[in-house]
There are 4 protein chains.
Amino acid sequence: MARSRLHPDPFTEPRWRRRKDARPSEILDAALGVFVEKGFAAARIEDIAQRAGVTKGTVYLYFPSKQAVFEALIRQAILPRFEAIEAIADAYDGPIAPLFQRLIQEVGQRVAGELAVFPKLIISEAGNFPEIARFYRFEVIARGEALFSRLYAKGVATGELPDIDPRIVTKLTVAPLLLSAIWKTTFSAFDEEALDVAALIQTHAQVLARGLAALAREARP
Amino acid sequence: MARSRLHPDPFTEPRWRRRKDARPSEILDAALGVFVEKGFAAARIEDIAQRAGVTKGTVYLYFPSKQAVFEALIRQAILPRFEAIEAIADAYDGPIAPLFQRLIQEVGQRVAGELAVFPKLIISEAGNFPEIARFYRFEVIARGEALFSRLYAKGVATGELPDIDPRIVTKLTVAPLLLSAIWKTTFSAFDEEALDVAALIQTHAQVLARGLAALAREARP
Amino acid sequence: MARSRLHPDPFTEPRWRRRKDARPSEILDAALGVFVEKGFAAARIEDIAQRAGVTKGTVYLYFPSKQAVFEALIRQAILPRFEAIEAIADAYDGPIAPLFQRLIQEVGQRVAGELAVFPKLIISEAGNFPEIARFYRFEVIARGEALFSRLYAKGVATGELPDIDPRIVTKLTVAPLLLSAIWKTTFSAFDEEALDVAALIQTHAQVLARGLAALAREARP
Amino acid sequence: MARSRLHPDPFTEPRWRRRKDARPSEILDAALGVFVEKGFAAARIEDIAQRAGVTKGTVYLYFPSKQAVFEALIRQAILPRFEAIEAIADAYDGPIAPLFQRLIQEVGQRVAGELAVFPKLIISEAGNFPEIARFYRFEVIARGEALFSRLYAKGVATGELPDIDPRIVTKLTVAPLLLSAIWKTTFSAFDEEALDVAALIQTHAQVLARGLAALAREARP
DNA sequence: TATGAATGAGCGTTCATTCAT
DNA sequence: GATGAATGAACGCTCATTCAT
């Protein structure tokens with residue numbers, strides 16, 4: 001059986017290995033956990049270091065400041081996943097309604113899952129990090145809205161969807177996903193029975209689809 | 001002999017004496033502002049004191065610690081406003097749909113207005129103040145869900161509304177309000193044109209009503 | 001007999017007295033000692049605080065940073081004494097030679113005495129504090145040169161003194177005083193027999209006077 | 001089989017191999033620059049290494065600590081140059097006055113030139129490095145004083161020079177050179193017009209010679 | 001009741017030093 | 001011999017909290 005990395009033998013294990021390439025992301029992983037648990041201000045670099053299995057000084061080998069760790073974390077975590085969603089949407093060609101359903105499920109699963117902590121972080125720290133708020137506002141939200149608006153416009157053109165300000169529809173679409181993410185990071189510890197996110201999202205998708213369709217129908221002569 | 005404190009002359013008594021009793025809530029008002037702007041950790045007692053027009057020491061006359069200020073703030077701010085909503089709902093007797101519309105508008109206005117800062121605070125600090133998260137979870141959210149469920153059940157009984165888990169419907173109903181609140185505290189600084197919360201909420205109410213009604217209809221034979 | 005301040009009774013002595021007015025100069029006094037002994041970089045705020053009989057935090061009540069302590073120290077210590085010299089010189093009216101003698105003695109005593117540490121500080125830290133070097137260069141040296149040049153010009157006019165660039169004569173006049181100051185702060189610890197500064201300065205005054213007089217005489221036809 | 005290190009081919013051997021022996025003095029050269037610019041405490045080993053074209057670890061191959069670098073620097077830099085002066089003086093045989101003139105010029109040029117940084121370093125760091133202060137006091141200054149005293153005594157014997165404590169005359173002689181050195185390292189950055197060191201030294205030599213001669217004359221019956 | 005001077009624990013950051021490679 | 005990743009002690013600075021006035 002292979003020796004577990006979890007229990008290195010202190011006698012044969014070298015004090016460190018040349019792992020420059022792996023360090024930054026190890027540190028960011030650790031930082032994510034600490035920032036989520038405590039928020040930026042209450043997070044101690046020493047906590048992050050410890051969780052990454054290094055000492056304080058090592059963190060500063062790779063990031064010039066605590067704030068830089070935070071910013072790197074946000075950038076690195078959000079953008080790649082975002083691109084995955086864009087790829088799906090842009091590759092699609094067909095009626096709009098099913099794509100909406102699929103995107104809501106797809107994004108919802110992520111936002112209420114691995115990505116759930118980011119809304120919390122952004123909301124918590126936007127005040128202290130306008131730079132991050134701006135980044136998120138324009139690089140993530142605006143981009144998401146633009147993507148959504150492109151698709152939505154197709155549905156409006158075919159009469160499937162009502163002609164409503166797409167920024168509003170985007171927000172209505174996203175709101176339950178955001179709520180799910182917040183619930184998970186903030187209140188799920190107190191739930192006897194875990195929130196059934198999948199059901200919530202599915203119901204959301206159904207209600208939203210029917211509601212929009214009804215409005216579209218009403219608008220027709 | 002000095003004038004007795006027991007019979008203050010209302011004409012010579014300086015105005016500020018009345019403020020003695022008001023001090024705690026003045027401090028909490030000031031604290032709200034500071035906590036919202038900076039978050040709990042970055043808020044300095046001195047900032048709060050200054051904004052309340054007193055000195056640091058005075059804050060400690062009324063609250064034993066910074067954390068106590070925060071907790072008092074959350075408790076006193078939410079519950080009274082909450083009761084106002086409950087009064088409206090419980091006094092109501094009639095078809096459910098219009099009440100929903102009205103409640104969404106009513107709550108929405110507040111949540112996206114004066115109360116907008118509380119979700120931000122709760123979300124930000126829940127990790128560091130489990131006690132506050134628990135309080136909010138059970139004293140505010142659970143109570144709101146219960147109120148909503150009572151009303152919703154009436155609508156299900158009359159066939160107006162589909163028989164869906166009311167906890168999910170509550171969340172779907174509240175989600176856009178929450179998003180509006182978060183938007184205002186987190187991103188509105190970057191908006192060229194302010195988010196039209198009223199339009200968002202009205203659209204939400206329309207879509208939700210039609211979506212639920214459609215589901216209710218589908219469920220009928 | 002009055003209670004000595006040097007041995008306060010720990011049981012009756014309050015933790016602190018309201019001595020806001022005295023604190024800054026107490027701290028600067030302490031800082032002077034520490035900066036002189038260790039230089040700016042090696043001086044610890046905690047050392048300064050301890051020597052002033054307070055704690056670290058108290059230093060920061062009165063000065064926003066270590067650098068600010070240093071700058072205040074330099075400004076506060078140099079300028080008042082400088083003005084005393086100017087007063088003597090400007091009040092004087094008579095032949096130049098005796099005034100020179102007197103000024104050299106007067107300034108020499110101070111520079112090799114209570115002020116001896118300042119040249120050392122300025123020289124040591126000028127590189128790291130251009131602001132202080134500039135201040136000293138223009139507020140102290142330039143002013144001293146101007147004072148000296150005014151007097152010197154009178155002697156040139158009467159033929160007592162040779163017509164040499166006054167900036168050079170100033171430096172020649174000051175140089176042994178500077179050397180005395182540096183000797184005291186840098187090497188006197190190793191002297192078996194202390195440097196006789198008074199003799200050095202007196203000899204300097206004599207040699208300089210005769211040397212300048214000789215040059216003046218040579219320049220006359 | 002790998003080529004033996006014992007018989008390196010002079011044609012293929014890369015040039016840089018020769019530098020192995022030069023490393024320590026390359027490091028000291030680099031260290032001189034950094035120490036002068038920043039002072040001992042603010043100088044970083046990494047700066048020194050970088051300026052020497054090596055990495056931090058390499059510095060520690062040749063010197064056991066930062067302090068050792070500093071001490072080696074001071075020792076190796078002063079003594080060799082000092083010996084050059086001694087050689088000139090001891091080889092001289094003739095009237096004293098012209099030799100003084102020449103020595104003042106000679107030493108002055110160096111002290112205000114390449115060696116100007118050393119007084120600054122010694123003065124700055126004497127407090128933190130008593131060992132260096134002592135070394136400089138006894139190996140450099142005392143030796144210089146002895147040399148000067150030997151020459152001076154000859155002048156006293158011939159009646160050219162007055163019978164003054166030679167330690168004092170030495171200091172009077174050196175003081176303007178010291179001042180020039182300090183000026184260059186400390187204030188020249190603020191000069192619009194550079195200090196004319198040559199003129200200063202020449203004037204110094206003239207004034208000093210005439211002043212001493214006058215005193216010698218006065219002492220004669 | 002109110003003040004604000006003083007405290008001291010705590011954290012971000014730096015950098016001399018070590019040592020596996 | 002040379003590297004540079006890692007360490008950890010040290011120090012500047014902040015700020016919640018205390019308490020003499």
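Throughout, protein chains are lettered first and strands after them, A, B, ... in sequence-line order, and every chain is numbered starting at 1.
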Mind calculating the distance between [atom1] ([X]) and [atom2] ([N]) to the nearest angstrom?
X: Q67(A); N: dC11(E); atom1: CD; atom2: P; answer: 19 Å
X: L61(D); N: dT18(E); atom1: CG; atom2: P; answer: 12 Å
X: F63(B); N: dA2(E); atom1: CZ; atom2: P; answer: 13 Å

Within residues 31-55 of chain A, residues whose heavy atoms come under 4.0 Å of DNA chain E: A43(A), R44(A), I45(A)
Side-chain N,O (Y62(B)) to OP1/OP2 (dT1(E)) below 4.0 Å: no
CA sep, side-chain torsions, deciding dist, call: K38(D), D47(D), salt bridge (Lys or Arg N to Asp or Glu O under 4.0 Å): CA-CA 10 Å; K38(D) 313 204 176 186; D47(D) 295 336; 3.3 Å; yes
Pair R51(D) + E37(D): basic N to acidic O under 4.0 Å: yes
Chi angles and distances behind the side chain to side chain contact (heavy atoms under 4.5 Å, CB included) call for Y62(D), V69(D): CA-CA 9 Å; Y62(D) 296 101; V69(D) 174; over 6 Å; no
Dot-bracket notation for DNA chain F, counting Watson-Crick and G-U pairs under 3.5 Å, with | for partners on another strand: .||||||||||||||||||||
Selected nucleotide, minimal atom distance to Y60(C) side chain, candidates dT13(E), dA2(E), dT14(F): dT14(F)
E71(A) and Q67(A) side chains, donor-acceptor separation under 3.5 Å: yes
5' priority, DNA chain E, between T58(C) and S65(D) [closest heavy atom]: T58(C)
Side chain K66(B), main chain A43(B), donor-acceptor under 3.5 Å: yes
Heavy-atom side-chain proximity of I132(A) to E125(A) below 4.5 angstrom: no
Residue whose closest nucleotide on DNA chain F lies nearer the 5' end, K66(C) versus V59(A): V59(A)
First of P64(C) and P64(B) reached from the 5' end of DNA chain F, by closest nucleotide: P64(C)
Minimum-distance pair of heavy atoms, taken over all atoms of T186(A) and I122(B): CG2-O, 4.3 Å
Qualifying residues under ring-ring contact (aromatic ring centres under 6.0 Å, His included), relative to F129(D), sequence neighbours excluded: F40(D), F70(D)
Base of dT17(E) paired with side chain of K56(D) (donor-acceptor, under 3.5 Å): yes
Q76(C), CD atom: more than 12 neighbouring heavy atoms under 6.0 Å: yes
